[in-house]
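Note on naming: letters A, B, ... go to the chains in the order of the sequence lines (proteins, then strands), and numbering restarts at 1 for each one.
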Protein chains: 2
Amino acid sequence: MPAERSDAARNRERILSAAAELFDREGVAHVSMARIAESAGVGKGTVFRRFADRTGLIEAVLEPRVARLRTALTEGTPPLGPGAEPAEALAAFLDALFEFAWENRALNRAFEHLGPDAYYANPVCQFWIAELRARIAAVNPGIDADYFAHALFTAMRADIMDYLLSTRGMDKERIRAGIERLAGSVQR
Amino acid sequence: MPAERSDAARNRERILSAAAELFDREGVAHVSMARIAESAGVGKGTVFRRFADRTGLIEAVLEPRVARLRTALTEGTPPLGPGAEPAEALAAFLDALFEFAWENRALNRAFEHLGPDAYYANPVCQFWIAELRARIAAVNPGIDADYFAHALFTAMRADIMDYLLSTRGMDKERIRAGIERLAGSVQR
DNA sequence: GCCGAAGCGGACCGACGGTCCAGTTATACC
DNA sequence: GGTATAACTGGACCGTCGGTCCGCTTCGGC
């Protein structure tokens with residue numbers, strides 16, 4: 001597979017940064033593919049050539065932020081990285097995942113909107129959920145770790161957190177505290 | 001406001017039953033307004049005259065099922081109806097709400113898809129959440145009942161339950177058990 | 001400088017939710 | 001029974017969307 005041509009690479013960057021800016025400024029749901037193309041100064045066909053479809057583009061915008069957390073998990077220092085005592089490892093991961101989910105609410109909303117199969121089954125979410133399941137099982141081997149991993153992951157969905165923030169007037173720390181208490185139910 | 005004309009009432013029933021059947025058989029997301037009209041044997045304009053928009057039609061299909069549970073809550077016998085001891089009242093409501101959410105997964109999926117503001121803020125969900133909040137607060141006045149009401153309600157979303165069922169192979173009782181344990185975290 | 005492959009852009013497509021309005025029909029009143 | 005009228009009807013129509021297609025342009029190895 002030959003390397004990307006220079007004009008193609010330039011357009012990829014233009015599209016990614018235009019998309020990131022529009023998504024951030026106006027909310028993912030309100031930005032059409034045509035507007036991204038226009039704002040990036042390319043044709044719509046070019047956008048679909050670089051990123052197979054809308055989902056692919058959103059994934060590509062999210063990717064660098066995902067990579068940071070994933071690296072901290074697999075290669076970082078304890079308690080987030082490997083080697084910590086189980087309860088601390090779970091608490092650290094929950095906290096890091098919460099921060100990630102909070103920061104990237106806008107993008108995550110778009111994924112959630114694709115439907116549960118596309119959302120929960122997408123590779124990034126699968127990775128978070130698998131990690132969560134493993135850390136839960138390490139804390140309490142007798143529990144239904146698979147269910148609780150999904151339940152805690154669901155509690156960090158962008159749509160519910162956005163609603164609690166904007167309509168119910170809760171703040172970030174109140175939501176974090178709730179999730180932590182919820183996570184307490186996995187203890188023996 | 002004069003009563004509905006007889007032809008209008010007949011068409012309302014036709015549309016409702018056609019919609020209920022199609023939603024049930026093919027999943028709400030895959031049924032367009034045009035197909036409902038066709039299947040009911042009326043024009044598309046008629047559908048939009050009876051039910052303001054897609055959301056209104058879905059609400060109307062769900063309404064009778066909502067009414068049954070609401071009545072049991074406000075006028076039924078304890079522990080679901082008023083008068084029971086707090087912990088039992090909460091457990092009974094959680095169980096009834098779970099049954100309701102499970103039975104009506106297909107319709108609820110459609111609401112969830114409208115976005116968090118339309119979903120959580122719609123009158124039916126508001127009622128469930130308010131009831132949940134009151135029963136949680138009765139069990140443990142010191143807890144953030146508003147957050148936990150939303151969190152437990154979220155655990156019963158149709159999209160997550162559908163995913164756990166069809167893709168993760170969990171069954172109804174396993175999910176119910178998980179939610180019950182999650183609900184344990186509201187105890188003092 | 002030549003040439004084939006890769007990239008480009010915007011006209012085009014089908015599907016959707018929702019609107020409009022000219023023609024039709026039920027009903028209240030005489 | 002006849003008539004006036006307000007409500008109802010249906011399907012053509014609209015704007016928007018994600019996604020495709022393809023004739024033309026540009027890049028980069030030779």
Should [X] and [Y] count as an ion pair when the cut-off is N to O under 4.0 Å?
{"X": "B/R35", "Y": "B/E38", "answer": "no"}
{"X": "B/E4", "Y": "B/R50", "answer": "yes"}
{"X": "B/E112", "Y": "B/R109", "answer": "no"}

What is the distance, rounded to the nearest whole Å, between atom [atom1] of [X] and atom [atom2] of [N]?
{"X": "B/D7", "N": "D/dA6", "atom1": "CG", "atom2": "P", "result": "17 Å"}
{"X": "A/E4", "N": "C/dC8", "atom1": "CD", "atom2": "P", "result": "8 Å"}
{"X": "B/K44", "N": "D/dG11", "atom1": "NZ", "atom2": "P", "result": "12 Å"}
{"X": "A/R49", "N": "D/dT26", "atom1": "CZ", "atom2": "P", "result": "16 Å"}

By the 4.0 Å heavy-atom rule, please label B/S6 as base, sugar-phosphate, or nothing.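 Contact class for B/S6: sugar-phosphate only.
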Is there a donor-acceptor contact under 3.5 Å from the side chain of A/R105 to the main chain of A/W102?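 Such a contact is found between A/R105 side chain and A/W102 backbone.
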Does B/D144 use its side chain to pair, donor to acceptor, with the backbone of B/Y147 at less than 3.5 Å?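 At least one qualifying donor-acceptor pair exists.
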Output the single nucleotide from [options] whose closest atom is nearest the side chain of [X].
{"X": "B/A8", "options": "C/dG9, D/dT9, D/dG19", "answer": "D/dT9"}
{"X": "A/F48", "options": "D/dC8, D/dG18, D/dC27", "answer": "D/dG18"}
{"X": "A/N11", "options": "D/dG28, C/dC8, D/dC8", "answer": "C/dC8"}

Close residues, residues 22-32 of chain B, relative to DNA chain D [heavy-atom separation under 4.0 Å]: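 The stretch gives none, as no residue of it lies under 4.0 Å from the strand.
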Is there a donor on the side chain of A/R5 or the base of D/dT26 sitting less than 3.5 Å from an acceptor on the other?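 Counting by modelled atom types and ignoring angles, a donor-acceptor contact under 3.5 Å is found here.
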Contact under 4.0 Å: B/T46 side-chain N or O vs D/dG10 OP1/OP2: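 Affirmative; the distance criterion is met.
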For residues A/R181 and B/S185, report the shortest heavy-atom separation together with the two atoms involved.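 Closest approach of A/R181 to B/S185, heavy atoms only: NE-O, 3.0 Å.
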